[in-house]
S.K.: 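Take this structure first; my questions come after.
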Amino acid sequence: MATVLTHNAARLAGLVHPLPREVACTLVILGGAGDLSHKKLLPALYNLTLDGALGPKFAILGFSLEPLDDEKYRQFARDGIESFSRRALTEAGWDKFAPLLHFLSGSFTETADYQKLKQRLGDIESETGTGGNRVFYFAVPPQFIERCSAGLTQAGLIGQADGNRGFTRVVIEKPIGHDLASAAEINNQLSKYFAENQVFRIDHYLGKETVENLMVLRFANSIFEPIWTSRFVDHVQITVAEQEGVGTRAAYYDKAGALRDMVQSHLLQVLCMIAMEAPRSTHPDAVRDAKLDVLLSLRPFEPADVGKSVVRGQYEQGLVNGEKVAAYRAEEHIPSDSNTETFVALKCYIENWRWAGVPFYLRTGKRMTNRASEIAIQFKRVPRILYNSRPAPPLPANVLSIRIQPDEGLSLNIVGKQPGSPLRLGPVKVDFHSSIASPEAYETLLRDVITGDQTLFMRRDTVEAAWRFIQNILDSWEVSGSEPFLYPAGSSGPTEAAVMIARDGRTWRNL
Ligand code: BG6
């Protein structure tokens, strides 16, 4: 029987790189003149154009309130590319990209504006020959999801309405909800208008090259899987440390905090990739089933565990890269008595045969010493005999460190003999760096939306399973009114996080 690899699976397997040429489609960005479009989406689309991934039957239509026209939108895009693109803007590249861009000024809440959108889209489709294939990217605040879905549907823009034979897909950005109930509510709204296979929920961490590579590392090599179990692994650490503070997103962030903003999505998704069983095939749903199993196997937190195994922190003023930065509570638009956490460290367990008894330590924070995202698989120590016999201090354990950013790569810490005599042992680091510049996460994810590959997108059940796990922690914090522990900006987080892991006889890795 022939095996059909999805585009993604094929790409993961390194069999095919480029997209099938000539993807015919119009990408409508609701919120097309917003921050996400400026900083991420338009630069990513520019890079896809440079790669030849967007053919002549491809068009981009920005739709939002700003009073722009096509020319002004092109200028907006050009500014974004000049400031944020992975590859510098060239005139040759721009000449290819600029004609793809169109703009329509309109409101997400006005029914009449969806009619205008329909008209404009129809014109673009007939000029460009996109075959009625449409992707609607909801770069809008969550409260507009339902309104946009209804507006598009009422205008007959979704699916096979009006005899359209093309595909329709929608892309939804995080945050999907604020808690389990609101996430379910958003998903219910989406399911009124779209089938699950039309919905692409983005978690941009899944588009990061190293995260995507985790499956290849694990399942395209024979040396890792046999030792990827509680028999050999002592514990796993997943760290996403940022130097940035809350920036301009105070209104959103102060209501969210690090647990909702980072752990519920990015860290749990990375955890799934590290801990999942081999999927039964490379089909997107097989991969997503395997990830869901991890979330469903997480040991739920009891209220009494939360105090012991979850630490919340908030940054105070301090020095980051030698520069003085303000405390979270002194940031613009943050209440001076805010108790929102900007740091979380937690210990969790996956209760299945592979991982029983192995702690997974997760940690994320803003205004930390360095920007460093890493997964570290810490193997068990060798017995206290032979080279490791007493009274000498114990040999360090082997660690496989998978760096997501900023410096993507893989390193393995082993123990070796230092040259010369007498016999002395010392740490040896085996390092791997890819010499090829990686695409940005949004490049990868936009390609996948356009080609219809859902592997790297979150299914409804996955989002809700992640919220279910997080909800116990939120509930417990609510009941206890727990205040965050303060940590100086530019540090590695509150000392309580170090104390938590030290109770288990372990330490956090240096950032
Ligand atoms: C976003 C969070 O999802 O991810 C931000 O909302 C965070 O708070 C960002 O800064 C981190 O992404 P990256 O790709 O810079 O690590």
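Each residue takes its place number in the sequence, starting with 1. Start at 1 and go down the list; that is how both ligands and their atoms are numbered.
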S.K.: By side chain to side chain donor-acceptor pair (under 3.5 Å), which residues pair with Lys324, not counting sequence neighbours?
M.R.: none

S.K.: Against the six-membered ring of Tyr361, is Arg363 placed for a cation-pi contact (under 6.0 Å from the centre, within 45° of the normal)?
M.R.: no

S.K.: Excluding sequence neighbours, so at least two apart, what forms ring-ring contact (aromatic ring centres under 6.0 Å, His included) with Phe485?
M.R.: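 With neighbours one apart ignored, the set is empty.
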
S.K.: I need the contact residues for ligand 1: any residue with a non-hydrogen atom closer than 4.0 Å to the ligand, ordered by chain then number.
M.R.: Lys174, His204, Tyr205, Lys208, Glu242, Arg249, Asp261, Met262, His266, Lys366, Arg371, Gln405

S.K.: State which residues pass side chain to side chain contact (heavy atoms under 4.5 Å, CB included) with Ala44; sequence neighbours excluded, sorted by chain then number.
M.R.: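 Only Tyr442, Glu443, Leu446 meet the side chain to side chain contact (heavy atoms under 4.5 Å, CB included) criterion with Ala44.
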
S.K.: When you look at Phe219 and Phe224, which way does the ring pair (Phe, Tyr, Trp, His ring centres under 6.0 Å) test go after all the steps?
M.R.: CA-CA 8 Å; Phe219 304 125; Phe224 297 114; over 10 Å; no

S.K.: Under 6.0 Å from the six-membered ring centre of Phe108 and within 45° of its axis: does the NZ or CZ of Arg147 meet both?
M.R.: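 No; the conditions do not both hold, so Arg147 does not lie above the ring face of Phe108.
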
